[in-house]
Amino acid sequence: MDCVFCNIVSWKTPSQRVYEDDSFIAFLDINPVNFGHTLIIPREHYANFTETPNEVLCDMTVLAKKIAPAVLEAMSAPAYNVTFNVGTEAGQAVHHVHMHIIPRYADDGHKLWHGRSGYAEGEMGSTAKKIKEKIRNK
Ligand code: AMP
Ligand code: ZN
């Protein structure tokens with residue numbers, strides 16, 4: 001399987017690593033939203049957030065709590081976004097699970113969401129009901 005992030009893990013593709021251990025690598029995104037935009041990946045290949053074992057996600061989250069404040073300090077940023085894109089339609093281009101840590105600044109022009117204006121009468125309740133039923137069956 002040709003996976004760009006597996007190639008980064010195996011050094012076939014160069015990267016600017018900022019952290020690594022036995023299980024994870026963090027490196028700079030080649031096309032940053034803002035400078036310092038960092039990706040955290042497990043060395044092991046999993047296609048996306050949902051496909052990743054719980055223990056790996058837990059460790060990744062704990063690691064993000066160490067790396068994100070360091071990115072912020074290094075980049076003099078007051079805030080950051082942590083995101084997983086899951087699925088092509090959500091913007092996932094690389095199908096090896098990765099966590100984005102994106103330093104953010106006031107008025108940096110990156111407005112993330114352009115929400116719908118709101119639910120019609122009754123629609124919010126019926127939407128919540130649909131989701132609740134699905135969660136109950138998980
Ligand atoms: P996503 O759109 O969530 O799949 O994010 C994939 C990210 O990987 C994008 O922000 C790309 O800029 C980044 N990316 C792709 N190839 C490389 C690479 N060789 N080195 C560093 N970052 C990369
Ligand atoms: Zn991979």
Side-chain angles (χ1 to χ4, degrees):
M1 175 195 24
D2 201 34
C3 167
V4 60
F5 287 176
C6 284
N7 288 343
I8 282 178
V9 171
S10 66
W11 294 97
K12 268 190 219 144
T13 299
S15 65
Q16 263 324 316
R17 298 183 184 207
V18 297
Y19 173 87
E20 61 187 300
D21 62 28
D22 288 349
S23 308
F24 298 99
I25 298 174
F27 56 95
L28 295 185
D29 192 302
I30 205 168
N31 190 16
V33 171
N34 284 321
F35 289 159
H37 179 168
T38 298
L39 302 174
I40 302 176
I41 62 169
R43 289 180 186 271
E44 201 73 37
H45 181 99
Y46 305 104
N48 61 38
F49 176 82
T50 318
E51 297 291 319
T52 305
N54 291 349
E55 320 78 70
V56 177
L57 287 178
C58 287
D59 289 349
M60 217 171 159
T61 306
V62 172
L63 179 58
K65 276 189 74 182
K66 171 181 169 135
I67 290 178
V71 170
L72 249 59
E73 278 181 43
M75 305 314 295
S76 303
Y80 62 99
N81 292 110
V82 174
T83 55
F84 289 97
N85 296 327
V86 186
T88 307
E89 296 80 357
Q92 185 178 8
V94 177
H95 296 272
H96 178 135
V97 66
H98 51 281
M99 185 188 258
H100 293 261
I101 295 175
I102 304 172
R104 297 296 307 274
Y105 306 88
D107 304 321
D108 64 8
H110 299 302
K111 195 171 163 65
L112 271 181
W113 311 112
H114 303 272
R116 289 173 186 246
S117 53
Y119 291 97
E121 181 75 30
E123 220 177 6
M124 202 170 176
S126 62
T127 303
K129 185 164 174 276
K130 259 197 288 193
I131 295 172
K132 270 196 284 194
E133 279 169 11
K134 295 293 179 193
I135 291 173
R136 220 176 290 127
N137 297 330
K138 291 284 171 201

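We count ligands from 1, going down the list as the structure has it; atoms in each ligand are counted the same way.
Between Met60 and Ile40 the shortest heavy-atom distance is CE-O, 3.1 Å.
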Go ahead and list the nitrogen or oxygen contacts between ligand 1 and the protein that come in under 3.5 Å, distances to 0.1 Å, or just say none.
| residue | atom | partner | partner atom | Å |
| --- | --- | --- | --- | --- |
| ligand 1 | 2 (O) | Gly91 | O | 2.6 |
| ligand 1 | 2 (O) | Ala93 | N | 3.4 |
| ligand 1 | 3 (O) | Asn85 | ND2 | 2.9 |
| ligand 1 | 3 (O) | His98 | NE2 | 2.8 |
| ligand 1 | 3 (O) | His100 | NE2 | 2.8 |
| ligand 1 | 4 (O) | Ala93 | N | 2.6 |
| ligand 1 | 4 (O) | Val94 | N | 2.9 |
| ligand 1 | 4 (O) | His98 | NE2 | 3.0 |
| ligand 1 | 5 (O) | His98 | NE2 | 3.0 |
| ligand 1 | 5 (O) | His100 | NE2 | 3.3 |
| ligand 1 | 10 (O) | Asp29 | OD1 | 3.3 |
| ligand 1 | 10 (O) | Asp29 | OD2 | 2.4 |
| ligand 1 | 12 (O) | Asp29 | OD1 | 2.5 |
| ligand 1 | 22 (N) | Ile30 | N | 3.1 |

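Side-chain atoms of Tyr105 and Asp107 form no donor-acceptor pair, as typed in the model, at a separation below 3.5 Å.
Looking at heavy atoms from C-beta onward, Thr38 lies in side-chain contact with Leu28 at the 4.5 angstrom threshold. Considering only heavy atoms from C-beta on, Ile41 comes within 4.5 Å of His96 through its side chain.
The backbone N or O of Ile30 sits nowhere less than 3.5 Å from a side-chain atom of His37 that would complete a donor-acceptor pair.
Atom ND1 is the N, O or S atom of His45 at the shortest distance from the Zn ion (ligand 2). Closest N/O/S atom of His96 to the Zn ion (ligand 2): ND1.
Among the atoms of His95, none of the N, O or S atoms falls under 2.8 Å from the Zn ion (ligand 2).
Between Phe84 and Phe49, the angle of the ring planes lies from 30° to 60°, which puts this pair in the tilted group.
Every pair passing salt bridge (charged side-chain N to carboxylate O under 4.0 Å, His left out) that includes a residue from residues 39-66 is listed here, sequence neighbours excluded: Glu20-Arg43.
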